[in-house]
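Input: a single structure, listed below in structure tokens.
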2 protein chains.
Amino acid sequence: MARRERGSTRPSGDDRQDAILATAESLLAHRSLGDISIEDLARGAGISRPSFYSYFSSKDEVVIELLARVIDEVEGALAGLPGEVSSDPADRWRKSISAFVDVFTKHEAVAETAIAARLHNPEIQALWARSMQSWVDYTTKVITSERKRGAALDGIPAHDLAVALNLMNERVLSASFSRERPAIDRTVVVDVMLGIWMRSIYGSSAEK
Amino acid sequence: MARRERGSTRPSGDDRQDAILATAESLLAHRSLGDISIEDLARGAGISRPSFYSYFSSKDEVVIELLARVIDEVEGALAGLPGEVSSDPADRWRKSISAFVDVFTKHEAVAETAIAARLHNPEIQALWARSMQSWVDYTTKVITSERKRGAALDGIPAHDLAVALNLMNERVLSASFSRERPAIDRTVVVDVMLGIWMRSIYGSSAEK
DNA sequence: TCGTGACCCGACATAGTGTTGGATTAACCG
DNA sequence: CGGTTAATCCAACACTATGTCGGGTCACGA
């Protein structure tokens, strides 16, 4: 909000802003936010450090803008998911978990940066929370409808279950991508997560 | 490593080091590591800022020492857990999850700080990883033995399952304690986690 | 009492952030 | 086509925090 107060006679304004964002995303692929100075971002965009502040008031504001764009994509990905249960529940859940994984993969650097930066920045925290909330709401809705038709187990409140499973995905993916240890190999990570989702939601009967 | 090079004629040396650690832990209860300066730690321990460097080479070194002490406690907690299956599996898993939760709760500030600081410090990352690895190894061992006696489901590799469940606990607890949203209420968080563990390991038959 | 050495801190060097005010330049218009 | 305007730029400054160095200080043992 209020990230530029210049007028708009000159044509170069928005281009410069985009250049900063592009520089940030490309630098974040190789270094952490803390290792990138505002000077680096300014130089990358072809402007001086003070001029940076005409476009963003801090490094975090840049991350916020990058994250905001990813979140728009998240909302889109969710809208593309089936609202009703298809013939094969496992297939449906795999699709939605894969959608989550796809967003995470495609914007790996931004996601990792946001996860780290939210710890000291309430605004980033709020944005990330909004994104997670979208997934949780969707998950809760589907679990509830599966329970209504008698396919899914009761016992754990649907919302709590949805929160735990989505937080698990966030953490497990983060560990897999950043090659921490312990972690799950990238090649099987979706299968493992899906397995836990199926058993937690439906019980053992749902195993493949 | 090599965190003090003074000799040891004067008696005050180790006391000062402990004073720094105590100051750090108490300040971390209210502020994040980034909001605490070395000056704050030195003042709290009754020494000047330069003298701080006689005991620790950076703020992170202080965190490492605090975390190392917590980890010693973790190893102790694990040793106190039953190695064999008791009459009621759910009860046994509740005990081990509670042990994890207890450590996390008791050293909440250190745990949260370490989780945040590991993102930019490989040594903290390694220490935390070692702690998680302990839990994962224990979990893997128990799952395997439960499978051998035919009580637990096959399907997901035991190690992968153990990693995912332990990472879930880490993330879910962290969210509950720091009052993020979405999160699970503290009063039910153990029940929710236990429910997912039981269903993932045993299937629906294990529900209470 | 004096020497020794561990310990302490004043003062410095460095690096990054955020701000300011005057110079610069493009667009517009009379 | 030169003059006015206003957006844009950056050199230089102020501030904060980190990490370092070297000389001063104090307790102890001889």
Side-chain angles (χ1 to χ4, degrees), chain A residues 1-21 23-24 27-28 30-65 113 116-117 119-124, chain B residues 1-21 23-24 27-28 30-65 113 116-117 119-124:
Chain A
M1 60 208 72
R3 70 175 45 90
R4 122 197 49 163
E5 64 283 307
R6 75 192 186 293
S8 52
T9 315
R10 285 270 185 78
S12 41
D14 281 342
D15 295 342
R16 292 270 154 85
Q17 183 162 356
D18 288 342
I20 292 172
L21 290 170
T23 302
L27 291 182
L28 282 174
H30 301 294
R31 308 187 239 163
S32 77
L33 187 63
D35 294 334
I36 297 172
S37 72
I38 288 178
E39 173 97 43
D40 293 332
L41 296 179
R43 202 193 317 275
I47 58 177
S48 72
R49 193 172 61 80
S51 292
F52 169 92
Y53 292 97
S54 298
Y55 303 101
F56 297 97
S57 61
S58 70
K59 265 192 292 185
D60 282 358
E61 288 290 324
V62 177
V63 173
I64 287 169
E65 182 61 31
T113 302
L119 294 167
H120 66 259
N121 184 307
E123 202 171 347
I124 294 177
Chain B
M1 61 207 70
R3 70 174 46 87
R4 123 196 49 162
E5 64 283 308
R6 74 191 186 293
S8 49
T9 315
R10 284 272 185 76
S12 42
D14 281 341
D15 295 342
R16 292 269 152 88
Q17 182 163 353
D18 288 343
I20 292 172
L21 290 170
T23 301
L27 290 182
L28 282 173
H30 301 294
R31 310 185 238 164
S32 77
L33 187 64
D35 294 335
I36 297 172
S37 71
I38 288 178
E39 173 99 43
D40 294 332
L41 296 179
R43 202 194 317 274
I47 56 176
S48 72
R49 195 172 59 80
S51 292
F52 169 91
Y53 292 97
S54 299
Y55 302 100
F56 298 96
S57 61
S58 70
K59 266 193 291 185
D60 281 358
E61 289 290 324
V62 177
V63 174
I64 287 169
E65 183 61 31
T113 302
L119 295 167
H120 66 259
N121 184 308
E123 202 171 348
I124 294 177

_Straight-line distance of B:S54 OG to B:R16 CZ, nearest 0.5 Å_ = 10.5 Å
*With the side chain of B:S37 defined as its heavy atoms from C-beta on, choose the nearest nucleotide among D:dG19, D:dT18, C:dC9.*
D:dT18
_Candidate nucleotides C:dC9, C:dG18, C:dT17, ranked by approach to the side chain of B:S48 - the nearest_ = C:dC9
*Give the intermediate values and the outcome of side chain to side chain contact (heavy atoms under 4.5 Å, CB included) for residues B:I20 and B:E65.*
CA-CA 11 Å; B:I20 292 172; B:E65 183 61 31; over 6 Å; no
In whole Å, I'd like the distance from the [atom1] atom of [X] to the [atom2] atom of [N].
{"X": "B:I38", "N": "D:dT20", "atom1": "CD1", "atom2": "P", "value": "10 Å"}
{"X": "A:E39", "N": "D:dA11", "atom1": "CD", "atom2": "C1'", "value": "13 Å"}
{"X": "B:R16", "N": "C:dA6", "atom1": "CZ", "atom2": "C1'", "value": "12 Å"}
{"X": "B:D60", "N": "D:dG19", "atom1": "CG", "atom2": "C1'", "value": "14 Å"}
{"X": "A:F56", "N": "C:dG18", "atom1": "CZ", "atom2": "P", "value": "14 Å"}
{"X": "B:I47", "N": "D:dG19", "atom1": "CD1", "atom2": "C1'", "value": "15 Å"}
{"X": "A:R43", "N": "D:dC10", "atom1": "CZ", "atom2": "P", "value": "12 Å"}
{"X": "B:H120", "N": "D:dT18", "atom1": "NE2", "atom2": "P", "value": "12 Å"}

*Is the backbone of B:L41 close enough, under 3.5 Å, to the side chain of B:K59 for a donor and an acceptor to pair up by distance?*
no
_Any donor-acceptor N/O pair, B:D18 side chain to B:D15 backbone, under 3.5 Å_ = no
*In chain order, what residues pass the salt bridge (Lys or Arg N to Asp or Glu O under 4.0 Å) check against A:D35, with sequence neighbours excluded?*
none
*Using a 4.5 Å cut-off on heavy atoms from C-beta on, say whether the side chain of B:N121 contacts that of B:V63.*
no
*Describe the nucleic acid contact of A:S51 in one word from base, sugar-phosphate, nothing, applying a heavy-atom distance below 4.0 Å.*
base
*asked:* For a side chain to side chain contact (heavy atoms under 4.5 Å, CB included) check, start with the C-alpha distance between A:Y55 and A:L21, then their side-chain angles and the critical distance, and finish with the verdict.
replied: CA-CA 10 Å; A:Y55 303 101; A:L21 290 170; over 6 Å; no
*Is the shortest side-chain N/O distance from B:Y55 to OP1 or OP2 of C:dC8 below 4.0 Å?*
yes
Pick out the pairs of N or O atoms, protein on one side and nucleotides 19-23 of chain C on the other, that lie under 3.5 Å.
none

